[in-house]
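For ligands, and for the atoms within them, numbers begin at 1 and follow the listed sequence.
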Amino acid sequence: SRVVAFMNQKGGVGKTTTVVNLSAAIAEAGRSVLVLDLDPQAHATLHMGLEPGASERSIYDVLLDPDEAEHAAIEVRPNLAIIPAEVDQAAVEVELADAVDRRSRLRSALEKIRDRYEFILIDCPPSLGLLTVNGLAAAREVIVPMQAHFLALQGVGKLLETVQLVGQNVNPKLRVSGIVLCMHEETTRHAREVVADLEQFFEQSRGTEVPWAGARVYRPAIRRNIKIAESPSFGQTVFEYARWCAGAIDYQQVAQLLMEEWDQMLARRGMSEQIVTRGVSAGTAERTTA
Ligand code: ADP
Ligand code: MG
């Protein structure tokens, strides 16, 4: 499965909104998705319409005992499951302080259940603590939600270096797939300049060894849209709350892109049987290295 951590140590940049709405769009396209809510604020859990603490098991229980993963996922929509957060899960830092495998608990948990889902999206807290480290260790890719501000641009280099640093320790295969621009003000010249700078930054990294050598700025940028901001308080995705608003259309298109990227990745790996089950001819799939 495609396991992606949505990470930015800044809060309020659009991580949770992006995880919830992308996962909803992918699930609506008929593909199975699992969301992992690593943030003790439990915003993704609430956004999906669940009460934190109401379910029997949370991601906290899974981190304490990876065998719990089998029973922790809750089906919240067709094709869409979540392992919810609970508010005191920050205590995991203390509880696991002496565990030698503390950074790879989530990875162990996913190994048991990942075959059931085609996409696994991880909502990371706005910090670099043990919860986020578990997210980065369990994922294959990182996507960075951010806003196209000048300061955000300076921060992005730093953030990418952090991903690299964490990656070298716990997950050398971790790659940065790209940036999703959230709350985008497309009409301002400033935003356009920042996007151009970002693209240039990634262009210069092509062919190098850095984890973001293959990264892109996902299009379209997600426009700032009031419906997106209103939907969480109803426990609804933006598609349930206002399917035809600008924000829903933007997220739908980025979700489409993520699915296409994944199909291309599978084709490149020559995993033809997975493609056949989706009704696409696998005759041309190359058998290159996995
Ligand atoms: P993070 O998870 O990074 O802390 P959130 O996804 O919670 O960020 O977003 C922060 C706030 O911005 C939330 O209130 C959310 O509803 C709002 N928001 C996110 N994306 C948009 C958007 N495209 N338009 C308007 N409001 C948005
Ligand atoms: Mg959040």
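- Within the 3.5 Å criterion, the main-chain N or O of I113 finds no donor-acceptor partner in the side chain of R116.
- In this structure the side chain of L36 never reaches within 4.5 angstrom of the side chain of I82, judged on heavy atoms.
- In this structure, atom 21 (C) of ligand 1 has a protein heavy-atom contact shorter than 4.0 Å.
- Ranking protein heavy atoms by distance to atom 16 (O) of ligand 1, first place goes to A229 CA, 3.4 Å.
- Around CG of D98, the count of heavy atoms belonging to other residues, nucleotides or ligands within 6.0 Å does not exceed 12.
- Taking every non-hydrogen atom of G14 and a distance limit under 4.0 Å, the qualifying atoms of ligand 1 come out as 1 (P), 3 (O), 5 (P), 6 (O), 8 (O), 9 (O).
- Salt bridge R57/E68: present, at least one basic N to carboxylate O contact under 4.0 Å.
- Between L38 and P125 the shortest side-chain heavy-atom distance falls below 4.5 Å.
- Heavy-atom contacts of T16 reach the following atoms of ligand 1: 2 (O), 6 (O) (cutoff under 4.0 Å).
- Residue-level proximity to ligand 1 for C182 is absent, since no heavy atom of it falls below 4.0 angstrom.
- For the residue pair E230 and Y241, the shortest heavy atom distance occurs at OE1-OH, 2.7 Å.
- By the criterion of a heavy-atom distance under 4.0 Å, the backbone of R223, and not its side chain, is placed next to ligand 1.
- Counting protein heavy atoms under 4.0 angstrom from atom 14 (O) of ligand 1 gives zero.
- Considering backbone and side-chain atoms together, K15 places an N or O closer than 3.5 Å to an N or O of ligand 1.
- Using a 4.0 Å cut-off to heavy atoms of V13, the atoms of ligand 1 that qualify are 1 (P), 3 (O), 8 (O).
- Between N21 and the options T237, V254, D250, a side chain to side chain contact (heavy atoms under 4.5 Å, CB included) holds for only T237.
- A salt bridge links E199 with R219: at least one charged nitrogen is closer than 4.0 Å to a carboxylate oxygen.
- Counting atoms of ligand 1 from 1 in the listed order, those under 4.0 Å from a heavy atom of T17 are 5 (P), 6 (O), 9 (O), 15 (C), 19 (C), 20 (N).
- Excluding water, every protein N/O/S atom under 2.8 Å from the Mg ion (ligand 2) is given here by residue and atom: T16 OG1.
- Atom 27 (C) of ligand 1 has M183 CG, 3.6 Å as its closest protein atom, hydrogens excluded (heavy atom only).
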Working note: I179 + I143, criterion side-chain contact (heavy atoms from CB on, under 4.5 Å); need CA distance, chi angles, decisive distance, verdict. CA-CA 6 Å; I179 282 176; I143 290 179; over 6 Å; no
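- Summary of contacts: the protein heavy atom closest to atom 4 (O) of ligand 1 is G12 N, 2.7 Å.
- In terms of protein heavy-atom proximity, atom 24 (N) of ligand 1 is nearest to N225 N, 2.8 Å.
- Contact annotation for atom 11 (C) of ligand 1: protein absent (non-hydrogen atoms, distance under 4.0 Å).
- D123 places no side-chain N or O within 3.5 Å of a backbone atom of D37 that could act as its donor or acceptor partner.
- Proximity to G11 (heavy-atom distance under 4.0 Å) selects the following atoms of ligand 1: 4 (O).
- Counting heavy-atom neighbours within 6.0 Å of E209 CD, excluding the residue itself, gives a total of 12 or less.
- Comment: E118 does not engage R2 in a salt bridge, judged by the lack of any side-chain N to carboxylate O separation of less than 4.0 angstrom.
- Look at D263 and R31 and you find a salt bridge, because one of the NZ, NE, NH1 or NH2 atoms lies within 4.0 Å of a carboxylate O, short of that distance.
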